[in-house]
Each structure stands twice: as structure tokens, then as C-alpha cells.
Amino acid sequence: MVYAGDNIQQLAEKRKKQAIRKLGMAGVLFVIPVVLYLILSIKGISIFIHIGCWFGGVILAQKGKELLLLS
């Protein structure tokens, strides 16, 4: 049986899952440069990898927070 508001609840659950996924990916992007630095110890181009990963992590974390506020 379909109840009023079921569609809205499904959308909220979908947004929560997306938010958790984005926050998890942001956490991974924050950790990747540290792990790469410890394993490889590359000095030259690694600063661009660090900045790119952290910039992407910040964007994903921001999007995740927005999705959590919407759900």
C-alpha cells in the first residue's frame, strides 16, 4: 500500500546515502596524499597531487553537508 509522503521519504533516504558517500570520498581524498607521501616520498610534482586531492575533498565534503541539510 502506498502512503502519502512515501516518495518524499525515499528521496530523503537517497540524499542521505549520497551525502554519506560524498563525505566518505572526501575523507579518502584527504588521506590519499598523506599515504602517498609516506610510501613514495616524491617531492616534485606531489604538491599538485596534494592540492588537487584536498581541493576535491573540500568540495565533496561541502556537497555532502548540503545533502545532509536537505534530507
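Below, each value reflects all heavy atoms present in this structure, side chains not excepted, and no hydrogens, waters or symmetry copies. Position 1 is the first residue of the sequence; numbering continues from there.
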Say whether Ile8 and Leu69 are linked into one hydrophobic cluster, either directly or through other cluster members, by side-chain heavy-atom distances under 4.5 angstrom. no
Going by chain and number, the hydrophobic cluster around Phe55 (ILVMFWY, side chain to side chain under 4.5 Å) further includes Ile59
For Cys53 and Pro33 the tightest heavy-atom approach is CB-CG, 3.5 Å
In Å and rounded to the nearest 0.5 Å, what is the CZ to NZ distance from Arg21 to Lys17? 8.5 Å
As an exercise, state the distance from CZ of Arg15 to CD of Gln18, rounded to the nearest 0.5 Å. 8.0 Å
Is Val58 reachable from Trp54 through a run of I, L, V, M, F, W or Y residues, each pair having side-chain heavy atoms under 4.5 Å apart? yes
Residues two or more places apart in sequence or in another chain: which of them pass side-chain contact (heavy atoms from CB on, under 4.5 Å) with Leu23? Ala61, Leu68
Hydrophobic clustering (ILVMFWY, side-chain heavy atoms < 4.5 Å, transitive) - are Leu29 and Met25 grouped together? yes
